[in-house]
Amino acid sequence: MNIAAILIAAAIVGGVGILIGFFLGISGEKFKVEVDPREEAVLGELPGNNCGGCGYAGCSGLAAAIVKGEAPVNACPVGGAPVGSKIGAIMGVSAEEGSRKVAFVKCAGTCEKAKQDYTYTGIEDCAAMAFVPGGGAKGCNSGCLGFGNCVKACPFDAIHIVDGIAMVDKEACKACGKCVAACPKNLIELVPYEAKHLVQCNSKEMGKNVMKVCSSGCIGCKICEKNCPSDAIHVTDNLAYIDQEKCTGCGVCAEKCPKKIISM
């Protein structure tokens, strides 16, 4: 065994290791990205759900945007006002009180009320119904399909299928918007938590066509519009819409609606 050869090889390997380590150390300093300490502090206050409801790629993305001034300190829908206040203190600004929102499903077509054109057996996926005859077994092409794509998308267990349609738990909902994006029928929207009256329908069909497929759909009769004392509800394209800023919560529209689809 040649001891000298072994020592030379060890020296070469050791020397190369030292050179690589030196090079990496210099490169690390040269290309080091300075991180604002406030960004780490803001990230520490965010809930860490990484739901994307704020419009950024996770909590770290939002933290960076807040520090850069690209997002408001109360942009996290999950943390709400308490988290916004803490982040505001870090950033040295006041957090404006934002109105809390929750998801709302614009459909009241339960198994009993909605007509089924046929019995469907197959993949239970709402998006897949676009490739099924008639857009699915449900007679109303605007109604909830009840296969729960929204349920699967919700990271807070705030939405479930009850009697064939999606129902939202207001207290559990964080308004992240995942269910809104997951619904292929565009049936879910974010509404003020304090909203007292909402229209549980999304069909723009003529009244006679609505009644053929669902006993609880909006028929565009305009009775609600004619009786609203605050001009907060109007029928457009055969469907009633409520202006929540004008609505006083008097309940006249819900009382007068012949189909009883204005929920309280």
Side-chain angles (χ1 to χ4, degrees), residues 51-53 101-170 172-173 175-191 195 197-225 233-242 254 257-263:
C51 63
K101 291 190 174 183
V102 294
F104 172 71
V105 182
K106 297 179 289 183
C107 182
T110 60
C111 296
E112 180 183 352
K113 297 175 180 178
K115 178 186 174 183
Q116 299 289 317
D117 290 335
Y118 56 86
T119 300
Y120 172 77
T121 55
I123 298 174
E124 296 189 350
D125 181 272
C126 298
M129 292 303 101
F131 305 99
V132 172
K138 202 165 192 175
C140 176
N141 289 326
S142 301
C144 178
L145 294 165
F147 291 134
N149 286 35
C150 52
V151 176
K152 299 167 191 172
C154 179
F156 305 103
D157 193 36
I159 187 167
H160 299 92
I161 302 300
V162 179
D163 199 11
I165 60 172
M167 300 288 288
V168 177
D169 181 344
K170 286 181 64 175
C173 179
C176 70
K178 292 280 188 178
C179 59
V180 177
C183 180
K185 294 288 188 178
N186 298 315
L187 275 171
I188 307 174
E189 64 180 7
L190 299 180
V191 300
H197 297 91
L198 298 161
V199 180
Q200 286 185 284
C201 186
N202 197 45
S203 176
K204 295 181 180 180
E205 294 287 335
M206 296 290 289
K208 62 178 182 179
N209 295 330
V210 172
M211 289 190 291
K212 288 179 181 178
V213 295
C214 185
S215 63
S216 63
C218 178
I219 57 176
C221 64
K222 295 191 176 184
I223 291 177
C224 55
E225 179 180 314
I233 185 166
H234 292 274
V235 175
T236 305
D237 294 332
N238 304 312
L239 182 62
Y241 296 90
I242 298 177
C257 176
K259 307 303 291 183
K260 302 302 177 187
I261 49 96
I262 300 178
S263 63

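In what follows, every heavy atom counts, from backbone to side chain, and hydrogens, waters and symmetry copies are set aside.
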Take atom NZ of K204 as the centre, draw a 6.0 Å sphere, and report whether it contains more than 12 heavy atoms from other residues, nucleotides or ligands.
no
Within the structure provided, determine whether I262 and L198 are in side-chain contact (heavy-atom separation under 4.5 Å).
no
Find the distance between SG (C224) and NE2 (H234) and round it off to the nearest 0.5 Å.
9.5 Å
Quick one: pull up OG in S142 and CG in N186 and give me the separation to the nearest 0.5 Å.
10.0 Å
Do any N or O atoms from the side chain of Y118 and from the backbone of P133 form a donor-acceptor pair under 3.5 angstrom?
yes
Intermediate values then yes/no, side chain to side chain contact (heavy atoms under 4.5 Å, CB included), I165 and V105:
CA-CA 9 Å; I165 60 172; V105 182; 5.7 Å; no
By side-chain contact (heavy atoms from CB on, under 4.5 Å), which residues pair with V151, not counting sequence neighbours?
I159, I161
Return yes when atom NZ of K170 has more than 12 non-hydrogen atoms of other residues, nucleotides or ligands closer than 6.0 Å, and no otherwise.
yes
What residues, two or more places apart in sequence or in another chain, satisfy side-chain contact (heavy atoms from CB on, under 4.5 Å) together with K260?
none
I'd like to know if the side chain of D125 reaches the main chain of A127, judged simply by a donor and an acceptor atom lying under 3.5 Å from each other, with no hydrogens or angles considered.
yes
From I188 CD1 over to C183 SG, what is the distance, rounded to the nearest 0.5 angstrom?
4.5 Å
So do the side chains of D157 and H160 get within less than 4.5 Å of each other, counting heavy atoms only?
yes
Point-to-point distance, once rounded to the nearest 0.5 Å, from CD1 of I219 to CE of M206:
11.0 Å
Rounding to 0.5 Å, atoms SG (C218) and CD1 (I261) come to a distance of 4.5 Å
Note, K138 side chain near C107 side chain (heavy atom, < 4.5 Å):
yes
How would you list, by chain and number, every residue that makes a ring pair (Phe, Tyr, Trp, His ring centres under 6.0 Å) with F104, sequence neighbours excluded?
none
Donor-acceptor under 3.5 Å (S216 side chain, A108 main chain)
yes
Test V210 against N238 for side chain to side chain contact (heavy atoms under 4.5 Å, CB included), laying out the working first.
CA-CA 10 Å; V210 172; N238 304 312; over 6 Å; no
What do you reckon, is CD of E124 surrounded by more than 12 foreign heavy atoms closer than 6.0 Å?
no
So Q200 and K106, do their side chains get closer than 4.5 Å, heavy atoms only?
no
From K259 atom NZ to C214 atom SG, the distance as rounded to the nearest 0.5 Å
8.0 Å
For F156 and A172, which heavy atoms make the closest approach, and how far apart are they?
CB-O, 3.9 Å
Take M129 and K185 through the test side chain to side chain contact (heavy atoms under 4.5 Å, CB included) and record every step on the way to the result.
CA-CA 10 Å; M129 292 303 101; K185 294 288 188 178; over 6 Å; no
